[in-house]
Amino acid sequence: MRSKAAKVALCGVVSAFSVVLMLMTGIVPIATIALPALAGCLTIAIVAETNVRYGFAVYCVVSVLAILLTPDREAILFYILFFGYYPTLYGLLMRIKRKPLRVLAKFGVFNLAMALETAMAVWVLQIPFSEMEVFGKWSIPILAVMLNVVFVLYDYSMNGLIVLYIRRLHPLVQKYIK
């Protein structure tokens with residue numbers, strides 16, 4: 001991408017699409033997790049076409065606008081605490097050469113984000129902790145394991161989305177942006 005104006009314009013378009021997806025959480029309440037994840041995945045284009053700094057800038061802009069406009073507060077937490085920055089952070093984490101350290105870093109980021117999301121949902125959003133106790137006293141460990149399994153799938157899918165973007169969409173975007 002040649003000009004700074006083109007980079008900023010692309011960031012604006014992706015930010016707008018992300019905010020629209022976050023606004024849709026008020027229309028489609030069952031998509032409290034899916035729509036923030038999809039909104040975050042749009043930053044793959046930003047990182048591929050510009051750099052990581054622009055990716056984090058889009059994350060910040062969408063986070064602020066989501067706080068101001070999005071009706072689903074839990075969706076905002078999911079976006080801000082994990083899905084919004086993870087696609088951008090993914091590229092940085094992939095630079096860790098030793099696979100065990102890279103995997104540990106990814107799981108560390110995810111589990112910290114989920115612990116913060118749970119704590120904020122209970123203390124800030126006043127969601128009763130009893131709603132999370134589906135399996136009795138084993139609820140927290142079972143949910144933690146289930147979330148980590150889903151994270152493995154999400155992380156694997158992130159790699160596939162990046163490859164798909166680079167192979168299929170990157171050449172098209174380059175044609176229109178130059």
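Numbers here are sequence positions counted from 1.
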Please say whether more than 12 non-hydrogen atoms of neighbouring residues, nucleotides or ligands are located less than 6.0 Å from CD1 in Ile30. no

Quick one: does Phe110's side chain get under 4.5 Å of Leu147's, heavy atoms only? yes

For the pair Thr43 and Val62, evaluate side chain to side chain contact (heavy atoms under 4.5 Å, CB included) and give the outcome as yes or no after the intermediate values. CA-CA 10 Å; Thr43 60; Val62 174; over 6 Å; no

Hey, are the side chains of Ile44 and Met158 touching, using non-hydrogen atoms and a 4.5 Å cut-off? yes

For the pair Tyr59 (side chain) and Ile80 (backbone), establish whether a donor and an acceptor sit closer than 3.5 Å, ignoring hydrogens and angles. yes

To check you understand the geometry: which heavy-atom pair defines the closest contact between Ser18 and Ala39, and what is its length? OG-O, 3.2 Å

When every non-hydrogen atom of Ser15 is compared with those of Val58, the smallest separation belongs to OG-CG1, 3.5 Å

For Ala45 and Leu10, which heavy atoms make the closest approach, and how far apart are they? O-CD2, 4.4 Å

When hydrophobic residues are tied together by side-chain contacts of less than 4.5 Å, even through go-betweens, does Leu172 share a cluster with Val14? yes

Taking every heavy atom of Pro171 against every heavy atom of Ile166, the minimum-distance pair comes out as CD-O, 3.6 Å

Side chains of Tyr86 and Asp155: is there a donor and an acceptor less than 3.5 Å apart? yes

Just wondering, are more than 12 heavy atoms of other shown residues or ligands nearer than 6.0 Å to OH in Tyr165? yes

Between atom CD1 of Ile67 and atom OG1 of Thr70, what is the distance when rounded to the nearest 0.5 Å? 9.0 Å

Run the side chain to side chain contact (heavy atoms under 4.5 Å, CB included) check on Lys97 and Arg102 step by step: do they pass? CA-CA 7 Å; Lys97 301 221 185 288; Arg102 182 172 60 236; over 6 Å; no

Residues that, via side-chain heavy atoms closer than 4.5 angstrom, fall in one hydrophobic cluster with Leu164: none

Taking the side chain as every heavy atom from C-beta outward, state whether Leu38 and Phe83 have any atom pair closer than 4.5 Å. no

What one should report as the nearest heavy-atom pair of Pro36 and Ala31 is CD-O, 3.7 Å

Checking side-chain contact (heavy atoms from CB on, under 4.5 Å) between Glu74 and each of Ile33, Thr25, Leu125, which is the one that passes? Leu125

Test side chain to side chain contact (heavy atoms under 4.5 Å, CB included) applied to Leu92 and Leu89, step by step: CA-CA 5 Å; Leu92 296 175; Leu89 185 64; 4.2 Å; yes

Is any side-chain heavy atom of Tyr54 less than 4.5 Å from a side-chain heavy atom of Glu49? no

Among all residues two or more places apart in sequence or in another chain, which pass the side-chain hydrogen bond (donor to acceptor under 3.5 Å, both in side chains) test with Tyr79? none

Leu21 vs Phe17 side-chain heavy atoms within contact, under 4.5 Å: no

Could you please spell out the steps behind the side chain to side chain contact (heavy atoms under 4.5 Å, CB included) verdict for Ile162 and Tyr90? CA-CA 10 Å; Ile162 291 168; Tyr90 182 87; 3.4 Å; yes

With heavy-atom distances below 4.5 Å as the criterion, would you say the side chains of Met22 and Phe78 are in contact? no

Arg53, CZ atom: more than 12 neighbouring heavy atoms under 6.0 Å: no

How far apart are the closest heavy atoms of Pro87 and Gly40, and which atoms are they? CG-O, 3.2 Å

